Amino acid sequence: MNVFKLFKERVRALLDQAAAAGRLPAGLDHGRVEVEPPRDPTHGDLACNAAMVLAKAAGQAPRALAQLLIEGLALDPAVESAAIAGPGFVNLRLKDEFWRQRLVDILAAGIAYGDSDIGAGQRVNVEYVSANPTGPMHVGHARGAVVGDVLAAVMEKAGFAVAREFYINDAGAQVDTLAESAYLRYLEARGETIPASAFEGLYPGDYLKPVGAELAKIYGDEWRGSGRETRLGPMREHAVRAMMGLIKADLERLGVRHAVFASERALHQAGRVEAVVKRLADQDLVYTGVLDPPKGKPPEDWEPRPQLLFRASKFGDDIDRPLKKSDGAWTYFAADMAYHLDKLERGFERMVDIWGADHAGYVKRMKAAVAALSGGRAALEIRLCQMVNLFDRGQPVKMSKRSGSFVTLADLIEEVGRDVVRFIMLTRKSDAQLDFDFAKAVEQSKDNPVFYVQYAHARGRSVLRQTGFDRERLLRAPLGRLTSAEEMALIRLLAGWPRLVEGAALAQEPHRVAFYLHDVAGQFHGLWNRGNDDPAQRFIVAGDDELTLARGALVQAMVDVVASGLAVMGVTPVEELR
RNA sequence: GCGCCCGUAGCUCAGUUGGAUAGAGCACGGACCUUCUAAGUCCGGGGUCGCAGGUUCGAAUCCUGCCGGGCGCGCCA
């Protein structure tokens, strides 16, 4: 149960009653009415802005309207007190008993606590990772993978029907370069000596050596001395399949699973790119024209050239965008339009793409394309992930793609573990740069958020193991024994989990889950520390089984909420710390 | 030159889609402590939310213009 939503409904019901009784004009728009936790907890548990938002339309002073509301709210059995404050806030304090009952909700639901139906089963397509199949995944890919995966999970928890997709960029010049690189490794496997200089402009990484060996095993000398055009197809096919194998293994290591892997090449082969361009042409959204040169940049090799363009500027983009390259091949953009049309045709009217920040320049044109292709019905959201900067004990880790010395995702997971990688990737909002320090990420200290949250879970589990309470018994705990301000604060925080899930899903901000769990852990550790000073405040109180049982219920609820949040993040909750 | 993102305490960052007196951790200053699971704990100082206008009951949040940083800018994906 989302407590805040519950009271928003109650406020709306009161407004409707008042309207029916003639005390308010009929048909007031309740759209901006909100019930939120007040920033300052001394103001109460809930704050409602209805009186201020509706004052003008209702033709009444905010405080008069607020008075009307608190008269009704005061009759609510869950309400301890209702008061007008400031410019017309309605502040509610709920009875402790009401809050304690939320522990029963949590214990009954367990890890499913926080599940919501706010998504109403709406189908959402989340496309993420979508790395070029030219090598193993590196650290930069990991952030998009985790952000996409956890966004998908939190939206599922909020009641959306989520499809997780990976778009394979297996067409274009880069996979041709891959094919030629694999060919050299093939020659090498047949005994030829290939100088390092031969890899100029190609992919020099060792990871293609097994592909060369495999090709040699299958084909023997068949392709030696062949022309580029004849060998390109088979080389490419093998190399791409092998690279997708590497990428899928990396995703598996990271615990990321996509339901659909969509191939760009398959779209080309099925004529889907021509089809999408024709569809736009039929709407008079395609023409042949000449773009202005980019301003401010010395246009050395720039020459005016007529090309096939999409009228992106009609849909909010700055300029129209090319669909064909000078060699007559379709641009990446044209194929990506075909892909997004494919998603639309599969019934997705809500789509999210997770991209690296270096693709920011493509956001407007892709949104323009979706607007054009869907007639404005479908929504495409694009979340950009900023760079990850690697550090080791505060020193930057140098990465160079050219020398092949970049840190792979597999290396990173080997070093710190999957759970740490996933958690740390969510310790910043995705559009801010993230510093990832190897050493700090595995440190057992308060400064390490992964440890801090896991430690709260482990401490909670330790208490529960010692007491041996099972869930049935905890559900019948005498919760009235929970009375301290700190215990009540933890309960309120835990009861905020459903609201957090909904907010993170709607705002598409998975990092909020990590920050929330950090707050819960902090509140719990604070409670624990009080027990260090005062044995009467420990969770296990010798000689008072009822109190121990009640506190056990609180601990179990904390454990459930943390486990629920970690499940969304794809991080394993630990029973104990080594 | 244009577009996008960012600018919040000395540092690293949150800020619940516009709420009340802007928060946390680190660092700093002071006091305490030796453990039900092992990160020590508690208290304190610290701010023109880049700058200037605007919108309204109310702005860190929305709009406009500047300043500063990052990324991108036809024939890469």
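Not measured: the values here are computed from a predicted model.
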Original post:
Paired with B/rC73: which nucleotide, if any, by Watson-Crick or G-U wobble criteria at under 3.5 Å for both distances?
Top reply: B/rG1
Original post:
Going by modelled atom types, is there a donor-acceptor pair between the base of B/rU12 and the side chain of A/Arg428 at under 3.5 Å?
Top reply: no
Original post:
Any side-chain N or O of A/Arg365 less than 4.0 Å from the OP1 or OP2 oxygen of B/rG74?
Top reply: no
Original post:
Is A/Gln466 near enough to B/rU37 that one of its side-chain N or O atoms lies under 4.0 angstrom from OP1 or OP2?
Top reply: yes
Original post:
Glycosidic conformation of B/rU21, syn or anti, with 90° from 0 as the boundary?
Top reply: anti
Original post:
Does a nitrogen or oxygen in the side chain of A/Ser326 sit under 4.0 Å from OP1 or OP2 of B/rC75?
Top reply: no
Original post:
Do you know which two heavy atoms are closest between A/Pro87 and A/Arg63, and how far apart they sit?
Top reply: O-CG, 4.4 Å
Original post:
Taking the side chain of A/Lys56 as heavy atoms from C-beta outward, which of B/rA20, B/rC57, B/rU37 is closest to it?
Top reply: B/rC57
**OP:** Please determine if a side-chain N or O atom of A/Lys325 lies less than 4.0 Å away from the OP1 or OP2 oxygen of B/rA77.
**Re:** yes
Subject >> hbond_proxy A/Asp170 side chain to B/rA77 base (donor-acceptor, 3.5 Å cutoff) >> reply: no
Subject >> Geometric cation-pi criterion A/Arg321 and A/Phe333, 6.0 Å radius, 45° cone >> reply: no
Original post:
Does any donor-acceptor pair link the side chain of A/Asn91 with the base of B/rA20 at a separation under 3.5 Å?
Top reply: yes
Original post:
Does a nitrogen or oxygen in the side chain of A/His511 sit under 4.0 Å from OP1 or OP2 of B/rU16?
Top reply: no
